[in-house]
Amino acid sequence: MIDGRLQRGERTRRAVLDTAVQLASVEGLEGLSLARLAQTLGVSKSGLFVHWPDKQALQLAIVEHARQQWIEHIVDPALRAPRGLRRLLALHELRLTFYASGRLPGGCFFRAVDSEFDDRPGPVHDAIAAAIDSWMDLLADLARKAVELGQLRSGTDPRQLAFEIEALGAVVIVHTHLLQHEHSHEYARRAVLDRLRGLATDPSILPEA
């Protein structure tokens, strides 16, 4: 019975956090409260206090849940691709696929909340920054390994390349959701692919644009 209650509690927690990440991708974190979540889910607010005693605890849990979603749907599948350039490209393409899937109505949780907390020090700011830093480190690390494998030219700057890939991925959200440009995902994919082929020692490793 105890195990059953724990399992039900975990399922409830995950369902609430799934909904919270979806809402925050559109509305941001600051306006998201336990009352708002309870209303959306049709549950009692007091029931949610069992999991999160205050707003900051809820916000931190939402950031972590969004980070885990990113790992599950983008990072882990990309790391199953062949090492080097194809793995780096897979990371970018899976990000675009995640955006296009409609799983999050706002497209990207982190693009929705980073501007809310960029100038507001505190635990939530630090959690968001750490998640984005970890993503940037991964991009740079995969680029560095592609250089070590001889698939990228030796003069390639991994941090510069990571910055470019991140910028081309992030801009898709604005162009898709604000400007309603239907070819944004295609442009972002082609731009990164062209950049990688231009830096590759053997462009045939990568698909054609």
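None of these values were measured; they are calculated from a predicted model.
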What one should report as the nearest heavy-atom pair of L88 and L139 is CD1-O, 3.7 Å
Output the rest of the hydrophobic cluster of L178: all Ile, Leu, Val, Met, Phe, Trp and Tyr residues reachable through side-chain heavy-atom contacts under 4.5 Å, sorted by chain and number.
V174, L179
Minimum heavy-atom distance G106-I173, with the two atoms named:
O-CG2, 3.9 Å
Nearest atoms (heavy-atom pairs only) where I71 meets P77:
O-CD, 4.0 Å
Checking the side chain of R197 only, and the main-chain atoms of P203 only, is there a donor and an acceptor separated by less than 3.5 Å?
yes
Within this structure, what is the CZ-CG distance for the pair R14 and D18, rounded to the nearest 0.5 Å?
6.0 Å
Enter the distance from S101:OG to L94:CG here, rounded to the nearest 0.5 Å.
11.0 Å
Derivation of the salt bridge (Lys or Arg N to Asp or Glu O under 4.0 Å) call for K145 and D141:
CA-CA 6 Å; K145 287 179 179 175; D141 185 54; 3.3 Å; yes
A131: partners by side chain to side chain contact (heavy atoms under 4.5 Å, CB included), with sequence neighbours left out
R67, F110
Rounded to the nearest 0.5 Å, how far apart are CG of L161 and CZ of R144?
11.0 Å
Can a salt bridge be assigned to the pair R120 and E30 using a cut-off of 4.0 Å between side-chain N and carboxylate O?
yes
Looking at Q59 and V124, would you say the former's side chain and the latter's main chain have a donor-acceptor pair under 3.5 Å?
no
Rounding to 0.5 Å, atoms CD (E166) and CH2 (W135) come to a distance of 7.5 Å
Joint hydrophobic cluster, F163 plus V147, side-chain heavy atoms closer than 4.5 Å:
no
Side chains of D118 and H125: any donor to acceptor distance under 3.5 Å?
no
If you compare all heavy atoms of P105 against all heavy atoms of R103, which two are closest, and at what distance to 0.1 Å?
CD-O, 3.9 Å
N/O donor-acceptor pair under 3.5 Å between S115 side chain and R111 backbone:
no
Would V171 and W70 show up in the same hydrophobic cluster when neighbours are defined by side-chain heavy atoms closer than 4.5 Å?
no
Closest contact, heavy atoms only, A24 versus L32
CB-CD2, 4.2 Å
Taking only Lys NZ, Arg NE, NH1 and NH2, and the carboxylate oxygens of Asp or Glu, determine whether E64 and R13 approach each other closer than 4.0 Å.
no
Check V172 against A188 and note the closest heavy-atom contact, atom names and distance.
CG2-CB, 3.4 Å
Could you tell me whether R95 sits above the aromatic face of F98, with NZ or CZ closer than 6.0 angstrom to the six-membered ring centre and within 45 degrees of the axis?
no
Does a side-chain N-to-carboxylate-O contact under 4.0 Å join R190 and D194?
no
Using the rule that two of Ile, Leu, Val, Met, Phe, Trp, Tyr join whenever any of their side-chain heavy atoms come within less than 4.5 Å, decide whether M136 and L79 are in one cluster.
yes
So does H181 get a backbone contact from the side chain of S184, meaning a donor-acceptor N/O pair under 3.5 Å?
yes
Inspect the contact between R159 and D137 and indicate whether a charged nitrogen and a carboxylate oxygen are less than 4.0 angstrom apart.
yes
For the atom pair NE2 (H177) and CG (L104), what is the distance rounded to the nearest 0.5 Å?
9.0 Å
State, without any angle test, whether E72 and Q68 hold a side-chain donor-acceptor pair at a distance under 3.5 Å.
no
Could you state the interatomic distance from CG (L152) to CG (D157), rounded to the nearest 0.5 Å?
11.5 Å
Just by distance, do the side chain of R153 and the backbone of G198 share a donor-acceptor pair under 3.5 Å?
yes
Not counting sequence neighbours, list each pair that qualifies as a ring pair (Phe, Tyr, Trp, His ring centres under 6.0 Å) and has a residue in residues 21-48.
none
